[in-house]
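These notes are about the structure you will find just below.
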Amino acid sequence: MSDQTRAAVVTGAGRGIGKGIALQLAKDGYALVIADYDGGAAEDTATELLESGHKAMFAQGDVSDPMAHEHFVEVAVENFGRLDTYINNAGIAQIQLIQNISPEEMKRIYEINVFGTLYGIQAAAAQFDKQADGEHIRKIINASSIAGHVAFDLLGAYSSTKFAVRGLTQAAAKELGAKHITVNAYCPGIVGTDMWALIDGEMVKLHGGKKGDYLEKYSNAITLGHVETPADVANYVSYLASPQSDYMTGQAVQIDGGIQFI
């Protein structure tokens with residue numbers, strides 16, 4: 001199958017890592033559905049791709065709603081004729097001491113990070129079942145984190161959701177492999193995005209100091225000596241979305257510049 005005919009959905013693609021992934025996959029020849037809770041951001045990213053000569057559509061929706069994922073798939077099929085790759089990138093973080101996490105906070109982060117990933121897997125697999133693709137490998141790619149390998153203090157709820165994403169990735173890989181569907185995850189480290197700006201700001205509120213202190217503190221642990229960019233993550237996701245990774249499934253690889261070695 002030609003790279004030019006492949007279609008992908010990327011959730012949370014209006015900004016940050018998701019946008020970086022979308023920009024890279026467009027260069028790889030993918031037609032993209034830019035899905036985001038922020039419809040304006042999704043439209044802006046899609047417009048940027050279109051103006052660069054790529055194929056893109058945008059779709060607004062909340063990943064904690066299974067109907068949103070069905071809508072994202074429908075946009076791909078209606079506009080590009082098929083779906084080849086589904087990337088469950090959308091997620092949120094929370095900074096809170098374990099003893100202070102409220103039921104409402106725990107519920108919301110699980111709705112987005114875990115249930116949102118589950119619903120994306122389900123919607124993608126359902127569409128793949130409808131397509132007569134023979135032995136063509138289809139891809140589901142999930143966002144975990146280095147915090148899904150070793151939990152971070154003050155990120156207890158977030159860390160637990162990313163462990164859960166690894167579990168869903170492994171189970172889905174085992175269940176869907178016979179259907180020529182691979183399921184893998186990517187585990188970013190400290191990425192210079194709005195999410196880490198939020199984490200840094202919340203750390204300041206809890207422990208004092210000034211803006212940037214905690215980003216600098218955690219960045220000092222990076223072996224390669226600099227904060228990760230969305231493009232760094234996107235380069236690896238590009239591999240997972242390509243035929244070069246067709247024999248890889250159930251994995252959750254850390255792309256962190258050398259913070260954790262496990």
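Residues: numbered from 1 along the sequence shown.
- Judged by distance alone, with hydrogens and angles left aside, the side-chain atoms of Y86 form no donor-acceptor pair with the main-chain N or O of T11 at under 3.5 Å.
- Proximity of R6 to P243: side-chain heavy atoms (C-beta onward) are separated by under 4.5 Å at one or more points.
- Counting heavy atoms of neighbouring residues, nucleotides and ligands inside a 6.0 Å radius, atom CE of M67 does not exceed 12 of them.
- Using a cutoff of 4.0 Å between basic side-chain nitrogens and carboxylate oxygens, K19 and D36 are not scored as salt-bridged.
- With respect to the salt-bridge test (charged N to carboxylate O, under 4.0 angstrom), the residues E111 and K107 qualify.
- Here the side chain of S245 pairs no donor or acceptor atom with the backbone of M248 at under 3.5 angstrom.
- Sorted by first then second residue, the salt bridge (charged side-chain N to carboxylate O under 4.0 Å, His left out) pairs that include residues 134-150, not counting sequence neighbours, are D133-R138, K139-D246.
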*asked:* Could you walk me through whether I109 and I92 satisfy the side-chain contact (heavy atoms from CB on, under 4.5 Å) test, starting with their C-alpha distance in whole Å, then the side-chain angles of each, then the deciding distance to 0.1 Å, before giving a yes or no?
replied: CA-CA 7 Å; I109 199 168; I92 62 171; 3.8 Å; yes
*asked:* Run N235 and Y239 through side-chain contact (heavy atoms from CB on, under 4.5 Å) and show every step you take.
replied: CA-CA 7 Å; N235 286 334; Y239 166 72; over 6 Å; no
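- Although no hydrogens or angles enter the test, the distance criterion places no donor-acceptor pair under 3.5 Å between the side chain of E105 and the main chain of Q94.
- Put simply, the side chain of Q60 gets close to the backbone of Y37: a donor and an acceptor are under 3.5 Å apart.
- The CG atom of N184 sits 12.0 Å away from atom OG of S144, with the distance rounded to the nearest 0.5 Å.
- No side-chain heavy atom of V227 sits under 4.5 Å from any side-chain heavy atom of V191.
- Side-chain contact between V114 and L168: present, with at least one pair of heavy atoms (C-beta onward) separated by less than 4.5 Å.
- A distance-only check finds a donor-acceptor pair linking the side chain of N79 to the backbone of V75 [under 3.5 Å].
- Counting only distance, with no hydrogens or angles, the side chain of T45 and the backbone of A42 share no donor-acceptor pair below 3.5 Å.
- Looking at S52, its side chain never comes within 3.5 Å of a backbone N or O of H54 through a donor-acceptor pair.
- Looking at heavy atoms from C-beta onward, M57 lies in side-chain contact with F80 at the 4.5 angstrom threshold.
- Within 6.0 Å of OH in Y247 there are 12 or fewer heavy atoms belonging to other residues, nucleotides or ligands.
- Across all their heavy atoms, I17 and P188 have their closest contact at CD1-CG, 4.1 Å.
- Side-chain contact annotation: H136 with D84, donor-acceptor N/O pair under 3.5 Å present.
- In this structure, the separation between CD1 on I259 and OG1 on T223 is 8.0 Å, given to the nearest 0.5 Å.
- Rounding to the nearest 0.5 Å places CZ of R166 at 12.5 Å from OG1 of T161.
- The two residues P230 and G20 make their nearest non-hydrogen contact at CB-CA, 4.2 Å.
- A continuous path of ILVMFWY side-chain contacts below 4.5 Å connects F128 to L118, so both sit in one hydrophobic cluster.
- Considering NZ of K27 and CG of L49, their distance stands at 10.0 Å, rounded to 0.5 Å.
- Closest non-hydrogen pair, A76 versus L83, comes out as CB-CD1, 4.2 Å.
- Distance alone, capped at 3.5 Å, is enough to place a donor-acceptor pair between the Q260 side chain and the I146 backbone.
- Taking all atoms of both residues into account, the shortest heavy-atom contact from A157 to M106 is CB-SD, 3.6 Å.
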*Please report the C-alpha distance between D38 and R15 in whole Å, then the side-chain angles of each, then the deciding distance to 0.1 Å, and finally whether the salt bridge (charged side-chain N to carboxylate O under 4.0 Å, His left out) criterion is met.*
CA-CA 9 Å; D38 183 339; R15 58 174 59 85; 3.1 Å; yes
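- Test T117, N142, T169 against N88 for side chain to side chain donor-acceptor pair (under 3.5 Å) and you get one pass: N142.
- Within the model, atoms OH of Y186 and OG of S238 stand 13.0 Å from one another, a figure rounded to the nearest 0.5 Å.
- The backbone N or O of V183 sits less than 3.5 Å from a side-chain atom of T249, completing a donor-acceptor pair.
- To the nearest 0.5 Å, the span separating CD1 on I21 from OG1 on T85 amounts to 11.5 Å.
- With a 6.0 Å radius and a threshold of 12 heavy atoms from other residues, nucleotides or ligands, Y110 has its OH atom above the threshold.
- Nearest heavy atoms, I121 versus A172: CG2-CB, 4.2 Å.
- A59 and V33 get closest at one heavy-atom pair: CB-CG1, 4.1 Å.
- Evaluation of the ring pair (Phe, Tyr, Trp, His ring centres under 6.0 Å) rule for F72 yields H69 as partners, not counting sequence neighbours.
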